[in-house]
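The structure presented is a predicted model; accordingly, all values stated were derived computationally and were not measured. Proteins get letters first, then strands, A, B, ... in listed order; numbering begins at 1 in each.
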Amino acid sequence: MADKFLVIDGSSLIHRAFFALPPLMTKQGVHTGAVYGFCNMLVKLLGDVKPKWLAVAFDKSRKTFRTEMFADYKGQRKPTPSELSEQFPLARRLLEAMNITVLETDGYEADDIIGTFAVHAPQNAEIIIVTGDKDELQLLDDRVKVYFTKRGISDIKAYDVAAFAADYEGLSPKQLIDLKGLMGDSSDNIPGVPGVGPKTALKLICEYGTVEKVLENIAQISGKSLKEKLENNKDAALLSKKLATIFTEVPVDLDLDKYELKAMSDEARPLMQELEFRNLHERFQTILGGSDGTFDLFGESIGQENANIEIALLETAEQGKEFFALLQQKQEKVAFTAVCGGELPKIHFTAVEIFNDGKIYKLQEGSGAWNFFYEWLSDYKQLKVTCDSKEIYKACMCLNKKADGIVDDIDIAAYLIEPGRSSYSLKAVAERYLAANNGGNAADLQALLPLIEQKLRDYELYKLYTEMELPLAYLLAKMELAGIKPDVKLLESITKEMAVQITALEILAEEQAGEKFNLKSPKQLGVLLFEKLGLPIIKKTKTGYSTDVSVLEQLEGSHPLITTILEHRKLTKLHSTYLEGLRPLINPATERIHTHFQQTVTATGRLSSTDPNLQNIPVRTEIGKRIREIFIPGTGYDWLMSCDYSQVELRVLAHMAQDKLLLESFLNGQDVHARTAAEVFGVPLEQVDSMMRTRAKAVNFGIVYGISDFGLAKQLDISRGEAAEYIKNYFARYTGVKKYMDDTVNHAREQGYVATMFGRRRYLPDIRHSNFNLRSFAERTAINTPIQGTAADIIKIAMLKVEQALSDAKVKSRILLQVHDELVLEVMETEKELVAQLVKKAMESAASLSVPLTADVAWGKNWAQTK
DNA sequence: GTTGTCACG
DNA sequence: ACGTACGTGACAACC
């Protein structure tokens, strides 16, 4: 077989890597995420492909940035030109230090250079192109293969001529340019034929072969409008084809000797150190010195499950016994994944995969090996790596088995490393961090481990991970399994009662409006209020008139209908979300509601709750409180107890900012909002009235959120000038808070992240964005996250302490819910006083701050009474 | 699938 | 001057 020449499209891959990797920043504030991702991929490619020659091409034409290319990255931020432009020189510098040839030629793009090699490189080389640019598929031929990175940079699809034909209805790679000629490409400014998309283009080219042939045969093409479009855009089509054709005559050195792989230069190591790429140098050194790469990147191995990994089924007891006895000998961590099925209280394992010695060992339902697995799972000396440990704990609890020795949960680790991501499924994490992955199996888990461990160390997250989050997963499993008991009869009666009221309001609304309409449709309501009734338009949304509460409240009085709608809104919200919505989530077997606590969702470290969300059960209004009456102690218990922190976030702020006045307020046990009012309005504490206190309370909230005069004005319905005055007065008095806010934003700007008291990090790439809005948002986030996040850390510690205290005291009472600053427990009459005292103490001692942490206990026969 | 609205901390 | 409070999840309507 011919030696391989790896030609890499550096420009497109760095674009891709920018999105695929964490927003890394060095201590000096240099963005390195994309370069790091690129290097990771490179090292993997070198190991897998083992090329003899290597070159990396970069664009050097007027179009350096092609952010449009990322149109498909919905919801994700596009890189700014300045952030991107930092990545290219950095990558070039690094590649040069590694003695890797970097090619860029004035006036040409990377794909032109690559195209030139594809056509003109000496025939003794097999060429492998690596790119994120689909256009380059046109270069495929018998000796040219293309590794195309689909999403991110790790999901690679390997194309040869056959694979291309399979994806493109049998077309040849050269016909890609004909396709483009018809369909165009907005990201490349290729017009194509307007109105002809990928589908039509593919059909036409399949039938006629080339753009020219299509144009010759317009008469035979069916569809009048299509005919016209083609007829009117002949020139555009031909021009587009020309534009889509990669230029293959760039003056580059075709002497392969120049590209042969060499050892890295002495500059590589210090540079990598400067960039804080801790283990990259070593990995490159091993590879460049010849490695034993496990994957053959071409052929079956990419993008297919379990490509090269052998799966052995453990079917019989004998096989299980033998395998787990062997596993027993191992000292190191073993990766396993579990698939669970069924509903509470009967969740069980349906399949388990264990990675060992390069193979995956699998247990399925009906296997005789399960008991040996459970034995292994319960052995705390057998260290295990897994993902979604909470589900595993739940399954074990249902099966009356024990899970111990789980020392890593990749989901949680990945969340701590990048808490802003949207998914931490093993598949997603594997695709993000592993160049060659298996779509998320136990082998990927094992492969991820060293990377994740390194990152946890680099980011100083280990303590948080092992002492807080991992144990918490177990506690959350217990809480979910416990669930909470609803009073079904009460639920039904309130549901009916409210339905009657809603119907009455709908009839009234129809009378008042003079026509029938859907009160729940903001669109219909907008038309009615602002067009038919001619009420003033106060606010607009992206798509039409706003009809939210603040708008309706301002309109109240100008038409009787408004009050009806407000009342209707309130009732239907409660009715559909908390009454009708709750009923199907009552577990028929346990007759309890089992929420799901999400541990890897929020960017700040808080938990979230879903199916149902029990963290937003109404409490603020009288009618809302009735819904809390539905939640009652279950069989065997007598009380619901709630214990909530008083002003945690402001206490955290007082501690972190070390602000003199705020510390004083809490140390003297003052009403903190009243004190703020006294300071802001410049009156003695005794003269603070309720309106002043309300406003000061809003100021305090605003501070925690990263205040703006506009936001405060809106909240209090006062003028912007007045709000600005409050803020000015606040900062004049609370100078420590002001300094804290400035310092925090500066820290974020310099380090690229903010952290909580317990080291939880959040990276804020936008903190240096040139866009004012994005930057401002990042600045407010920088202020809020350490406060909200520290409070979240504190209650997580408190939960673990409470759990420990309850178990030490051997009581049956248990934690059911966490609502950010509140714990809800189910308590036995005989344990009531003891539990109240234990819980209060555990919560108040969860962290030691410069001010006391106080928690208030209350109990009742339902959740509404615990306030 | 996205948008508007609104429930909670 | 820029346009704005921080963090969530669920529902109904509309596309």
Side-chain angles (χ1 to χ4, degrees), chain A residues 74-75 419-420 517-526 539-552 565-566 568-582 584-585 595-598 601-621 623-625 627-628 644-645 647-649 653 698-716 720 723-724 727 754 762 769-789 791-792 795 817-823 863:
Chain A
K74 275 198 185 137
F517 71 106
N518 186 350
L519 279 84
K520 291 178 207 157
S521 161
K523 201 177 163 193
Q524 290 181 35
L525 187 60
K539 202 162 67 172
K540 284 195 165 183
T541 66
K542 263 184 277 186
T543 51
Y545 316 109
S546 171
T547 64
D548 68 18
V549 226
S550 71
V551 170
L552 295 180
I565 293 163
L566 277 168
H568 184 267
R569 278 262 175 87
K570 214 172 269 170
L571 289 181
T572 50
K573 176 77 180 182
L574 298 178
H575 189 259
S576 63
T577 307
Y578 302 105
L579 297 170
E580 294 292 10
L582 218 47
L585 293 164
T595 185
H596 299 81
F597 286 106
Q598 310 298 330
V601 167
T602 72
T604 54
R606 278 188 175 182
L607 297 177
S608 87
S609 156
T610 57
D611 307 302
N613 180 354
L614 292 184
Q615 290 181 321
N616 72 346
I617 300 298
V619 71
R620 291 172 186 171
T621 61
I623 175 95
K625 271 185 206 157
I627 291 178
R628 290 211 167 197
D644 66 309
Y645 277 123
Q647 312 288 358
V648 239
E649 293 193 348
L653 176 62
V699 172
N700 278 332
F701 274 108
I703 294 296
V704 170
Y705 295 154
I707 202 156
S708 76
D709 53 5
F710 187 92
L712 183 64
K714 198 168 85 184
Q715 179 67 33
L716 288 176
R720 200 166 156 170
I727 295 169
V754 288
R762 179 175 183 182
H769 208 287
S770 56
N771 179 315
F772 176 85
N773 279 329
L774 292 175
R775 190 174 63 248
S776 301
F777 189 19
E779 287 169 358
R780 293 195 295 274
T781 313
I783 291 165
N784 176 260
T785 297
I787 303 171
Q788 189 183 122
I795 196 161
L817 305 176
Q818 186 252 48
V819 193
H820 310 307
D821 64 355
E822 172 191 9
L823 296 181
W863 196 3

Could you check which of [options] has an atom nearest any side-chain atom of [X]?
X	options	value
A:Ser708	C:dT4, B:dG9, C:dA5	C:dT4
A:Phe772	B:dG9, C:dC2, C:dT4	C:dC2
A:Asn784	C:dC6, C:dG9, B:dC6	C:dC6

Are any of [X]'s side-chain N or O atoms less than 4.0 Å away from OP1 or OP2 of [N]?
X	N	answer
A:Thr547	B:dT5	yes
A:Arg628	B:dC8	no
A:Arg780	C:dT4	no
A:Arg606	B:dG9	no
A:Thr543	B:dT3	no

What's [X] touching, base or sugar-phosphate or nothing? Going by heavy atoms closer than 4.0 Å.
X	answer
A:Ala698	base
A:Gly706	nothing
A:Ile783	nothing
A:Val704	nothing
A:Arg620	base
A:Ala603	sugar-phosphate

Any side-chain to backbone donor/acceptor pair from [X] onto [Y]? Under 3.5 Å, distance only.
X	Y	result
A:Thr572	A:Arg569	yes
A:Thr547	A:Pro522	no
A:Thr610	A:Asn613	no

Separation of the P atoms in B:dA7 and C:dG3, to the nearest angstrom: 30 Å
Expressed as a whole number of Å, how far does the P atom of B:dT3 sit from that of C:dT4? 16 Å
For [X], check salt bridge (charged side-chain N to carboxylate O under 4.0 Å, His left out) against everything at least two apart and list the hits.
X	value
A:Asp709	A:Arg720
A:Arg780	none
A:Lys570	none

Check the distance between [N]'s [atom2] and [X]'s [atom1] and give it to me in whole angstrom.
X	N	atom1	atom2	result
A:Leu614	B:dC8	CG	P	14 Å
A:Tyr705	B:dC8	OH	C1'	10 Å
A:Glu649	C:dT8	CD	P	13 Å
A:Leu712	C:dG3	CG	C1'	16 Å
A:His568	B:dA7	NE2	P	14 Å
A:Leu552	B:dC6	CG	P	7 Å
A:Glu779	C:dG3	CD	P	15 Å
A:Trp863	B:dG9	CH2	C1'	11 Å

Which residues satisfy the ring-ring contact (aromatic ring centres under 6.0 Å, His included) test with A:Phe701, sequence neighbours excluded? none
Base of [N], side chain of [X] - is there a donor-acceptor contact under 3.5 Å?
X	N	result
A:Gln615	B:dC8	no
A:Ser608	C:dT8	no
A:Arg762	C:dG7	no

Using side chain to side chain donor-acceptor pair (under 3.5 Å) as the criterion, list what pairs up with [X], not counting sequence neighbours.
X	value
A:Gln715	none
A:Ser550	A:Asp548
A:Asp821	none

Sorted by position of nearest nucleotide on DNA chain C, 5' first, the leading residue of A:Phe777 and A:Asn773 is A:Asn773
Helical stems, DNA chain C - three or more consecutive Watson-Crick or G-U wobble pairs below 3.5 Å: B:1-9 with C:6-14
Closest non-hydrogen contact found for A:Thr602 with A:Leu607 is CG2-O, 3.9 Å
Assign a letter to each nucleotide of nucleotides 10-15 of chain C from its 5' end: B, base within under 4.0 Å of a protein heavy atom; S, sugar-phosphate only; -, no contact. BSSSSS
Do the non-hydrogen side-chain atoms of A:Tyr645 and A:His820 ever get within less than 4.5 Å of each other? no
